[in-house]
Amino acid sequence: MATEVLWWIFAAAIVAFSAGTVFSRSVLHSAIFLIGSLAGVGAMYLFLTVEFLALVQFLIYGGAVTVLILLALMLTRSDARGTPDAVNGPQLPFALLVGGGLMAVLIGVAAGTDWRPGGIPDSPTNIGIETISERLFADFGAPFVIASALLLVALVGAIILARQEEGE
Amino acid sequence: MTFDEGQGYVVLATMAVPLVAAFLLVLVPGTQKMWVRYISAVTGAIVCGLSIYIFAAYQVDGSHTQMTLRWVWVENTAFLGKDGVTLYLAVDGISSTMALLTGVVAFAGAIASWKIEYRNKDFYILYWALLAGVFGTFFSYDLFFFFFFYELAVMPLYLLIGVWGSTRKEYGAAKLTLMLVGGSVLIWIGVFATFHEANLGTFDLPKLWAAGQDGTLSPTFQKTFFPMMVIGCGVLAALWPFHTWSPDGHMSAPTAVSMVHAGVLMKLGAFGIIRLGIQLMPEGAAFWMPGLMVLGVIGAVYGATAALTQRDMKLISGYSSVSHMGYVLMGLATMNQIGITGAVLQMFSHGVMTALVFLMIGAIYDQAHTRDMKDFGGVTRVMPLWVIFYTIAGLANVGLPGFSGFTAEFHIFVGTFKTYPVFGGMAIFAAALAAGYMLRLFAIVFFGPMSPRWSDLKDLTALERLSGGMLIASIVMMGVWWAPFTDRISSAVTLLPGVTS
Amino acid sequence: MGAEQAWLLAAIPAGFFLLLSFFGRPLPRGGDYFGVISIGTSFVLFFFVLADFLDTPGKVGPVVNSIEWSNIGDFHLRMGIYIDPITITMFGVVTTVALMVNIFSIGYMKGEPRYYWFFAILQMFAASMLMLVMADNLLLVYISWELVGVCSFLLIGFYWEKRSATEAAKKAFITTRVGDVGLLIGIILLFKATGTFNIQEIIHAAEAGEIGQTYLFIAIMAIFLGCMGKSAQVPFHVWLPDAMEGPTPVSALIHAATMVVAGVYLTARLLPVFAVADGALLVVTIVGLTTALLTGFIALAQTDIKKVLAYSTVGQLGFMFVALGAGNPSVAMFHLATHAFFKALLFLGSGSVIHATHHNQEMDKLGGLWKKMPITGTTFLVGSLALAGVIPFAGFWSKDEIFVALSEHWGGWAVMLLGLAAVMTAFYTTRLFIRTFMGKPMDEHVYEHTHESGFIMTGPLIFLGILAAVSGFIVFHGVGKALGFPGGITEFIFLEHHGPHRYEMDWGFAAGSIAMATVGIWAAAWMYWGNSTRRSTALAEWSPGLYDMIKKKFYFDELYQAAIDRGVLGFSYVVAWFDRYVVNDTGVDGSAQATGFAGGVLKYLQTGRVPNYAMAIAIGVAGLAVAGLVVRG
Amino acid sequence: MRDYTIFIPEYIAAGSAVGIIGLELFMPKLRKDGLAYLTALAAVAWFVAGLFFIGKDANSFQGLIASDDFTTYFRLLAAGIVFVVALMSAHYMRDRTKTASEYYGLMLVGGCGMVYMAAATELITAYISLELLSFTLYILVGYLKRDNLSSEASLKYILLGAFSSAMFLYGMSLIYGVTGSTTYAGIAEALSGRESGTDPAVIVGFMLILAGVGFKVSAAPFHMWAPDAYEGAPMPVTAFLSTLSKAAGFALILRLFSAAIVVDAAEWRWAVMVLAALTMTMGNLIAIQQKNLKRLIAYSSIGQVGYMLITIAAIGYGDPQGGINATSGLLIHIIGYVASTLLFFTALTAAYNKTGRDDIDGLKGLAETQPFLALVITCSLFSFAGLPFFAGFATKLFMFQGATTSETMWVVALAVLNSFISLYYYLMIIRQMYLYEPVGETARWKVNPVLGGLAVALVLAVLFIGMYPGPAFTVSEEAAKPLFEPGVATGMARVP
Amino acid sequence: MVPLENYLVLSAIVFALGVYGVLARRNAVLVLMAIELMLNAVSLNFIAFAAYLDPGKITGAIFAVFIITVAAAEVGLALAIVIRLFRNRATSNVDEAAILKW
């Protein structure tokens, strides 16, 4: 019972934070809201009893990514001339329209689909860390290797693109 | 290797020699203009000889297709079954006649372009590529290669006209190329549909023809796709109202290209209608031919009428080509032996005589740099031979007995009267109009007082005489003794499906 | 050599045509002697053919000789010759006149440019003309028909430096060509009905009634259209007078004696078919009469010698058609022959005059030439008398015969009309002769330099003059017999299964003819004697409108010109405009531009802004999803 | 089971990538074009290694990565493309950057990414490989750091790429939710096991996946990044984009659609057909109006994608044999298209190195100053337009023929019409080269021998494929077969 | 117990918000944030499915791991590019970076 109440609270929080992220006027606020929303999702993972992933979520998103984003925001403050320019583009109303439409569709899908033809019990089963590690390293080794290559690529790319050259 | 196969190699050679020449010319340095010319002249001679041999060696009472040569190209892969794509060359009565036409015109054109100075190497490369395409189309008995060569024959035109052309060349070239390729688009669709519908896994034309006749290609299918095929080919045959590339294209094209184009390429269209229309979709033909007849008549009268008041000589010939190809289409649309035979005769006749006309126009344009009739007058005084050649071409154009034009038109008229007397009458009337515009041209250009401005025009050069002489020879030959042609053609025509005697 | 080889008559001139046209220029004197040789040979061969023909057992049956030309499926085309009295007569006429003209031209054309070319074409013409008359099938007839047309085109336009000559040539060719449309249609219609081009087979089929009446009528009328065009019958007569732009010998040969009678010949050849088709003969008669009268009137007011002769030619052709309309080919052919002789004589005579007066052919400048050129004058007189139908000259007998036949077939009214035409003929002929040879010279200067032509020119005149004088007598039974014919000429010339026509002198008609001739001659003499134009001008002023109309040839040319400019050319301009601006610019280029324009519009979707691109993606996704749910869900 | 040997070629590629990057780190003075030749060498080694896999019976790494003829086909293709593009880049990059090693390294890695997109038989692997390729491309597009266009293009590309891959992922999640599996086989089995194939989740999932892959191959309306990225990217990268990334996209699509979701083809084939029609029309119409060559080629390649998508639809409509026909048609056209595109860009790079202009007018009078290049470009354009003698004719014809089913007939017709429209703007390029006099100095200039040789080789290849398509077609069929073996696609399409 | 649909709807909402953000925002960094939201939604989806429907294999969870990895890397790379653009153009607004168009 309690979990459900908590769940609803968190769900509301996530939606609120996400909305804040995309609606807030100030760039920095958006960043903060984003952290909130990410953390909220992490909490959801806890509800789903995937502690490991929740941890990962907190660390990588709540930590690395948001820091990175804040950093970028700092680096690209365009109000050198003082005036913070508008954060929203001209096509905002259409954005609302399409976003709303898509939301409707996706909710419809989520609600309108029979997810359990087999009639599996409607409760999350605990996903233990060892299962994850087992699957990740035993069964999905290949993607893991490719992912490492991907990270390498991203690293190299970030370096060569961001590196300051003489004359800049 | 049987004798027939041996001749098959002759057919192959006829198609391959121009290609070889083209590749050879690629290697010749562009500065060696004389060498380029010699090579081309020799090629032309060889091709002409080979085509004459093909025409002569075709046994009238022999089998339907002769001189066959088959090389499997791709087979038993994916949707391609046995003999999926084969380089299948053969000759029947019609294509042997067309081969002769192409050979003669090709040689004539090659000689006629002797005086091209500007990058003549590139010119001849494209020229021979084009002719290889033409020969290939006439000889192909495989749908894939038929289309392959058909496109190949159209491809070089853009550059040939665009680079070496004259009046509004860019416009003419672009329009001509696009319209012709646009036509081949329809054919292409037809090809896909046919292959899919026949579901034989082969592009082999005889098999597909059989399919078309035994109903494997359903009547509805044939009725649907026959128009595509015919309009697609018809564009090349200046089918009204898809003819407008003809006046502009000819006006822009250099001499040899006009010769080959009006002389041979337009025939590809009519030939395609026979191969892909009548032979492939007899049901559709039976259903649609009246329509084609109407368009043909319109074209015939329309072209002649429009030509009456033109001032540019090439425009006159362009429109008269529309008119004459209109006759061809009428002949095909009659669907009876005499008519279709007449159509093929007309294809040959129009080929040689238009080639001659354009040769003559080129001969004077190179010196006078104008084709406006009003600028001329009394040219006979300075270029009598030119006038005689032109007159012969013109009279053949008018359909005067003794020249090829009459033979062909006469057969077409007879064929048309068998089924559509009224249209036949209109066609004959159009022939009278032809007399109108031709004599108008004679009267204005050849006769009357000569303006001193032209006093230094030179008469035909030896090469032009040679090339014109060949054409005149063919014109007169067909005009006087047409039995050899009719024998060959009718031997093939009688076997066409749905053709009444 | 037998009649089967009659094709040689045509083959030889054809060969000489090639010879002359290719090698004529370098030859000494342009090889004119070759011309005489070739036609001479044909002339000689003609007698062989005639003799062989007359000697054939079974007496005067047709001689046939043909070969297979081409065959398409079950359509076999045979080409061959068919020799019968009509052909023989035509042989005679053509070869004789052609020979005379060739000889005459040697003198007349001396020093002209393209001398050899002139003779070459003459050979070409003779060949095709002979081929025309011996052809056994309509296709071959049509072929040679067109070929003679071209020869006439080339010869009319012989002086191509003159615009008028060029125009005349064009006019002649196109006018006849219009008729030929009909001819070809008719031929093909007959072929469609009978499945053959062979004339005899067609005739048999027609007489056997295998062809429906209306169909047959249409077909034969179409063919007759061709004949009218060739023989310059109203309304196609306009080209012949203009054709006088050509060298005079040409006028004599082609536009008087031979080519223009091709129409008459063909009609005679197909007369049985005409006879079968109801009303066809009536049409022929009416056309003939109209032509005879109309041109008679026009000729009254012409002052150009050759023009007068031209109109008289047309008129005489009208007479021949009348004879045919009366269903009597023999008489028509007889008149054709005599007319050929005296009209050729007249033309050559006028040619001699023109030559002598340095290309002056206006009556107003001539006159009193009799003293200067007696031979020409005499022969011309003979010709005129023959034309006017004065007994006993050739014209009289044949014309008389026509009246007889006409009265037998159509009765009085036709005779009256034709009589009027005959009177006018006599009138303008006399007028022509008087104003040219009699009285005092109108133009002293011209008169000074006039001189009699050399023998090379007068020789033919004399020969033809004799023919014009005596050839009429051959109509008599005895004379014919003496010459080896089975009876008189009209008896000799008959179509198969179309009984011979034995000639008897009918004094009633003879008197009538004589009277008509006298009236006409007297009137002309009264009006023009001594070259005084007083009375004539008085007559002209008496009714200027009428005179003007006649002088202007009843405005035919103006009418046609307007029709062509307004009608045909106008239509052509419309079509050309339509082709340029509607079909091409709107249809073809328009579609191209439309495509380009579409591209030009669409490319602005590519705003370069990421949000818009993302929007496109989102909309795409949403659209697909919704569509999917709607279509499949 | 785990058979690491099936990765050997990629070990070589990736290894040499790392090696090249390291090489420059340790000897920065190395000639930059030297690196290009090293890369080419590595590509050759990669190619040769790949050759050993031809005809090997299909082998799978834990059901994640299949090593069969299909994989081999794309492996060889990738190696080939990398080889050509590397050589193409040699001078271009030397003149424009200080450090080129990453460029070449990334190129090799990207190639590996393509191989695994083709080889993946499981969604995670597919996704990761796709991202691997995308990342390399993001970087390569932006490689000219100081160049405004380059960085702008790269930004657009990465933002939109991330956006669409999110869509892609959402779609995959839905499919995973429905089927409970991420392996293609599992998905196919589950889908064919479901009694109702028309859950909203399935449909929407398919559509989202379609959007994701559609973005990758730049199918309208997901194509909009392409023209900008193409125009902004360094020229060799443009070649890389228009060949390798497209081929990779289709590799992924083919494997995924034929092996996994062909079962419910009825849910997506119509959509593919619509996308195809839209894509080809958009691409060709807009291309008419372009002035910049790279951009024009971008649009024309969008048009080509439109044609290729028809075959995917045809797979949906056909039985296994039909699938093989369509796929082999697509594969042979990919060969032809890749060859022509590389040919075009080789010549264009050569011209660009000289003139420094990449707009159409820049080619004015090329036939005078450099006839050879003009000829080569003409060949490639004719090949694009599908004119005979050149690869484009045979391959396009085979592709359309393979894609012709009673249902797709109309799209094929439209495609042929479009290829006619495309001829127009190809002619406009040819016109610039042949009909106009050169601007500026008209002296003849020499082509860099490497590029020249490359061009000659490619021309020969294009001609060979065009005139004797047999071998290429057989190869394509061999590569297509594994996708349609009964085991792979359970029961094939549940075509109603 | 919380039914599966709740998670799905939640993620749908977040995802849609992310989409909105991408479409509406001008600043490249904000766009990136929105994308992060979307990716989160997706991983939420995956894990929910894994936990509810796929307890044995939990492939979804693995997928989530990879998604997080890729997302992180993507952000890093993207930010590098943003900075690069900022250096060149002194703006990080995506709609101002529109030289390439039409």
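- Within the 4.5 angstrom heavy-atom criterion, atoms from both the backbone and the side chain of A:Ser24 approach chain E.
- The side-chain heavy atoms of A:Leu161 and E:Leu77, taken from C-beta on, include a pair separated by under 4.5 Å.
- In this structure, E:Ser43 and A:Val41 have side chains that are not in contact, with every pair of non-hydrogen atoms separated by 4.5 Å or more.
- The two residues E:Gly56 and A:Thr131 come nearest to each other via the heavy atoms O-CG2, 4.4 Å.
- Taken from CD1 in E:Ile58 to CD1 in A:Ile132, the straight-line distance is 5.0 Å, to the nearest 0.5 Å.
- Interface residue A:Tyr45: only side-chain heavy atoms are found under 4.5 Å from chain E.
- Heavy-atom distances place both the backbone and the side chain of E:Val9 under 4.5 Å from chain A.
- The distance from atom CD1 of E:Ile47 to atom CE of A:Met44, rounded to the nearest 0.5 Å, is 12.0 Å.
- A 4.5 Å side-chain heavy-atom check between A:Trp8 and E:Asn6 finds at least one atom pair inside the cut-off.
- Residues A:Ile60 and E:Ala72 share a closest heavy-atom pair of CG2-CB, 3.9 Å.
- In this structure, the portion of E:Leu30 lying under 4.5 Å from any heavy atom of chain A is its side chain and not its backbone.
- For chain E, the option among A:Gly99, A:Ala104, A:Ala95, A:Pro93 with the highest count of heavy-atom pairs below 4.5 Å is A:Ala95.
- For a residue to count as touching a neighbouring chain, one of its non-hydrogen atoms must lie under 4.5 Å from one of that chain's; by this rule A:Glu4 touches chain E with backbone and side chain alike.
- With chain E as the partner, the residue from A:Leu71, A:Thr113, A:Leu96, A:Leu155 showing the most heavy-atom pairs under 4.5 Å is A:Leu96.
- Contact of A:Ser30 with chain E is made through backbone and side chain together, with heavy-atom distances under 4.5 Å.
- With rounding to the nearest 0.5 angstrom, the CG atom of A:Leu48 is 6.0 Å from the OH atom of E:Tyr52.
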Could you walk me through whether E:Leu39 and A:Tyr61 pass side-chain contact (heavy atoms from CB on, under 4.5 Å), step by step? CA-CA 11 Å; E:Leu39 292 172; A:Tyr61 272 119; 4.2 Å; yes
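- The most heavy-atom pairs under 4.5 Å with chain E, out of A:Ala147, A:Pro143, A:Ser37, come from A:Pro143.
- Of all heavy-atom pairs spanning A:Ile14 and E:Leu10, the tightest one is CD1-CD2, 4.0 Å.
- Note that CZ of A:Phe144 is 8.0 Å distant from OG1 of E:Thr69, once rounded to the nearest 0.5 Å.
- E:Arg25 and A:Asn88 form a side-chain donor-acceptor contact under 3.5 Å, judged by distance and modelled atom types alone.
- Contact of A:Val27 with chain E is made through backbone and side chain together, with heavy-atom distances under 4.5 Å.
- For chain A, no part of E:Ser11 is nearby; none of its heavy atoms comes within less than 4.5 Å.
- Dense packing is recorded around CZ of A:Phe23, with more than 12 heavy atoms of other residues, nucleotides or ligands lying under 6.0 Å away.
- Minimum interatomic distance between E:Gly76 and A:Leu68 (heavy atoms only, all atoms of both residues): CA-CD2, 3.5 Å.
- Residue A:Ser18 holds its OG atom at 6.0 Å from CG of E:Leu17, rounded to the nearest 0.5 Å.
- The shortest distance between side-chain heavy atoms of A:Leu53 and E:Phe46 does not fall below 4.5 Å.
- With a 4.5 Å cut-off on non-hydrogen atoms, E:Leu44 touches chain A through its backbone and its side chain both.
- A:Val56 has its side chain out of reach of E:Val65: every pair of non-hydrogen atoms, C-beta onward, lies at least 4.5 Å apart.
- Of the two parts of A:Ala64, neither the backbone nor the side chain holds a non-hydrogen atom closer than 4.5 Å to a non-hydrogen atom of chain E.
- Ranked by non-hydrogen atom pairs under 4.5 Å with chain A, the options E:Asp95, E:Ile68, E:Val75, E:Ile83 are led by E:Ile68.
- Partners of E:Lys57 according to the side chain to side chain contact (heavy atoms under 4.5 Å, CB included) rule, which considers only residues two or more places apart in sequence or in another chain, are A:Arg135, E:Asp54, E:Thr59.
- At least one donor-acceptor pair closer than 3.5 Å links the side chain of E:Arg87 to the backbone N or O of A:Ala162.
- Closest approach of E:Ala80 and A:Ala158 over heavy atoms only: CB-CA, 3.8 Å.
- A:Phe17 is not listed as a side-chain neighbour of E:Val14, based on a closest heavy-atom distance of 4.5 Å or more.
- Shortest non-hydrogen contact noted between A:Leu151 and E:Ala73 is CD2-CB, 3.8 Å.
- If you measure heavy-atom distances from E:Asn40 to chain A, the contacts under 4.5 Å come from both the backbone and the side chain.
- Considering CE of E:Met33 and CG of A:Leu34, their distance stands at 6.0 Å, rounded to 0.5 Å.
- Ring orientation note: the planes of E:Tyr7 and A:Trp7 are nearly perpendicular, at an angle over 60° on the 30°/60° scale.
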Please step through side-chain contact (heavy atoms from CB on, under 4.5 Å) for the pair E:Tyr20 and A:Met103, ending with a clear verdict. CA-CA 10 Å; E:Tyr20 161 79; A:Met103 185 186 292; over 6 Å; no
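- Note on A:Val98, A:Thr66, A:Val65, A:Ile127: by heavy-atom pairs under 4.5 Å with chain E, the leading option is A:Ile127.
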